[in-house]
J.: 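Can you keep this structure in mind? I'll have questions shortly.
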Amino acid sequence: MNWLLANPDRVRELTVEHLYLSIIPVVAGLIIALALGLVFGNRRRARNIITTAASAVFTIPSLALFVVLPSILGTQILDPVNVLVALSMYSAALLVRTVFDALDAVPAQVLSAAEAIGYSPARRRLLVDLPLAIAPLAAGLRVAAVTNVSLVSVGAVIGIGGLGQLFTSGYQRDYPDQILAGIIMILLLAFVLDRLIAVAGRVMTPWLHVSLKIVAPAGTEPATGNPASAASQSGGGK
Amino acid sequence: MITFESVSKTYPGGTQALENLDLDIATGSFTVLVGPSGCGKTTSMRMINRMATPTSGRVLVNGQDVAEIRPVSLRLGIGYVLQNGGLFPHRTVIDNIATVQRLLGLDKKAARAKAYEALERVGLNASLAKRFPAQLSGGQQQRVGVARALAADPPILLMDEPFSAVDPIVREELQQEVRRLQAEIKKTIVLVTHDIDEALLLGDKIAVMAPGGTLQQYATPHEILTRPANGFVGSMVSKDRGFRALSFSTLDEFSSTALPPRGADGRISMAAVAPGWMLDLDPEARTALWINEAGTTFPAATMVRRGDSVRSALDAVLASPVSAALLLDANDVPGAYITLEDLAPHLRPSPVAGA
């Protein structure tokens, strides 16, 4: 703990680096996974190929990917882009299955209703399927974000790893206090990101968090011919 | 006008869903497709908005083959009500209702204004507008479903078993509501149900279909009850068929007995029909009570008006403890009563118009 408290500037610098190395890939991965899911969700063959490819990507060791990517991308070995691309691939691989499952879970009756009242397929995907998939998507996103926070630290081995650098340097200098500081900060970061996504998911799905008690008074009775409810009707229309 | 021209549908594997259906649905009529499951009624209805495609034959809406109309624009011009309402769980009541208008390109404010009108038209209070569907009862959800279908004022309304998921009391309420609405808005409505009673209650015309997708009879409820085309139709309507047919003859010319004058205690003696019984009439409060010798009172709940159906008049007589139903005059005041003897001449099958 001493090291953590004694070096606030260094900790802040590494935390910011760690944060952007974790968040950018999750966002990129989510966009890729959503695009794949929305476009190919209904095509069985394409889906099988994508999920198989995703599993394959996820089995590649991260360190190997960090090292191999520069030769594929033409980047410097110490370029943070390598880490960003590698982690985006993992995030996309992790999320694409979630996206498929989340879209599958949207009730068929709702989709059929949307089609019957005149949604075009693309519009329906964006305005009906997607919002109704938010809750399971948020759950999957939390896993991806936390996974990413821990994976970033592996980048420290090639010199880009945010708080992970506290592990490498602490290990080299045989300085456990520094390693402990890294663990504490990474746990904290993972926890905060997890909560943020959970809260955002809740805020974006208000219909799942309303009181289901059907409160009778002002609405259950048909309003016809009742002056009191007719008055409240015109008021409610504003 | 919706026309089915020798429409057939065969599913891959050979299942026949619909066989050579010819049907003319008049503009402004309420048509009910009824039959057991597997009779192709839902498939037929879904062909109107291209949710299903015929294997052969054509479906025309106002003379135009629907196969030539883009599905999205066709559907935006046809209201659709589903079982359970088919509401969007993630949208509030008002935004559910505004959906079609939004799809048609109306801005949010204008679409919502229209939606509030539709909400009112189906008898729902505006205080429900901001709720989500999960916060409504089944009956309310169904009303919202109807409001959503009506909001854009489409000339055609398709209803897919709209009342089968609600309890019997709410169902009856909704059926009456739809009848009232139809009298008001005069849409071309096509409703699918497996419930023959619902069909008889709601339809101007009923198409009875049998498994395999064959049309058995296409006629008015009256004709279906009094002259079923074949054994299949007969067996569908067999329950209380004779009694229900009385719904279609109205009571215009008939005998009745004037109520005797009030006695000293203000009560009217009904000894002529039931010895010992009295009637306590309060025209001001519009209440009427039958009173027996022991002083027990029975409210006279159902009364008869000139022009009522023979069925409801008979029901009122049978429900009365003195076997007489009060007859309301033009001012809605009971001035006479009718008994079984008065109804007897009317208790015979009425001839089918034009037959």
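Chain letters run A, B, ... following the sequence lines, proteins first and then strands; every chain starts at 1. It should be emphasised that the depicted structure is a prediction, and the values quoted were computed from it without experimental measurement.
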J.: Need one label for B/Thr92: side chain, backbone, both or neither, based on atoms under 4.5 Å from any heavy atom in chain A.
T.: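 Contact with chain A involves no heavy atom of B/Thr92 at all.
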J.: Assess whether atom CZ of A/Arg47 is packed by more than 12 heavy atoms of other residues, nucleotides or ligands within 6.0 Å.
T.: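 For A/Arg47, atom CZ is crowded (more than 12 foreign heavy atoms under 6.0 Å).
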J.: If you count heavy-atom pairs within less than 4.5 Å of chain A, which of B/Arg112, B/Gln83, B/Arg70 leads?
T.: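 Greatest number of close heavy-atom pairs with chain A: B/Gln83.
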J.: In terms of heavy-atom contacts, does NZ of B/Lys187 have more than 12 from other residues, nucleotides or ligands at under 6.0 Å?
T.: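 Above 12, so yes.
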J.: Do A/Thr205 and B/His90 have side-chain heavy atoms sitting under 4.5 Å apart?
T.: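 No. Closest side-chain heavy atoms not under 4.5 Å.
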J.: Between B/Gly86, B/Ala115, B/Gly145, B/Pro89, which residue shows the highest count of heavy-atom pairs closer than 4.5 Å to chain A?
T.: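 So the answer, after comparing B/Gly86, B/Ala115, B/Gly145, B/Pro89, is B/Pro89.
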J.: Heavy-atom distance under 4.5 Å between the side chains of B/Phe132 and A/Pro206, does that happen here?
T.: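 Yes, side chains in contact.
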J.: Nearest 0.5 Å, please: how far is CH2 in A/Trp207 from CZ in B/Arg91?
T.: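 Going from the CZ atom of B/Arg91 to the CH2 atom of A/Trp207 covers 9.5 Å.
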J.: If you count every heavy atom of other residues, nucleotides or ligands that lies below 6.0 Å from B/Gln176 atom CD, does the total exceed 12?
T.: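 Counting other residues, nucleotides and ligands, CD of B/Gln176 exceeds 12 neighbours.
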J.: How about residues 147-163 of chain B versus chain A: which residues have heavy atoms under 4.5 Å apart?
T.: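 Listed by number: B/Arg148.
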J.: Heavy-atom distances under 4.5 Å only: say whether B/Leu87 touches chain A with side chain, backbone, both or neither.
T.: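 The backbone, not the side chain.
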J.: Checking A/Leu208 against chain B: side chain, backbone, both or neither under 4.5 Å from a heavy atom?
T.: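 When you check distances to chain B, no heavy atom of A/Leu208 falls under 4.5 Å.
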J.: What residues of residues 99-122 of chain A make heavy-atom contacts with chain B at a cutoff under 4.5 angstrom?
T.: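 Hits under 4.5 Å: A/Gln109, A/Val110, A/Ser112, A/Ala113, A/Ala114, A/Glu115, A/Ala116, A/Ile117, A/Gly118, A/Tyr119, A/Ser120.
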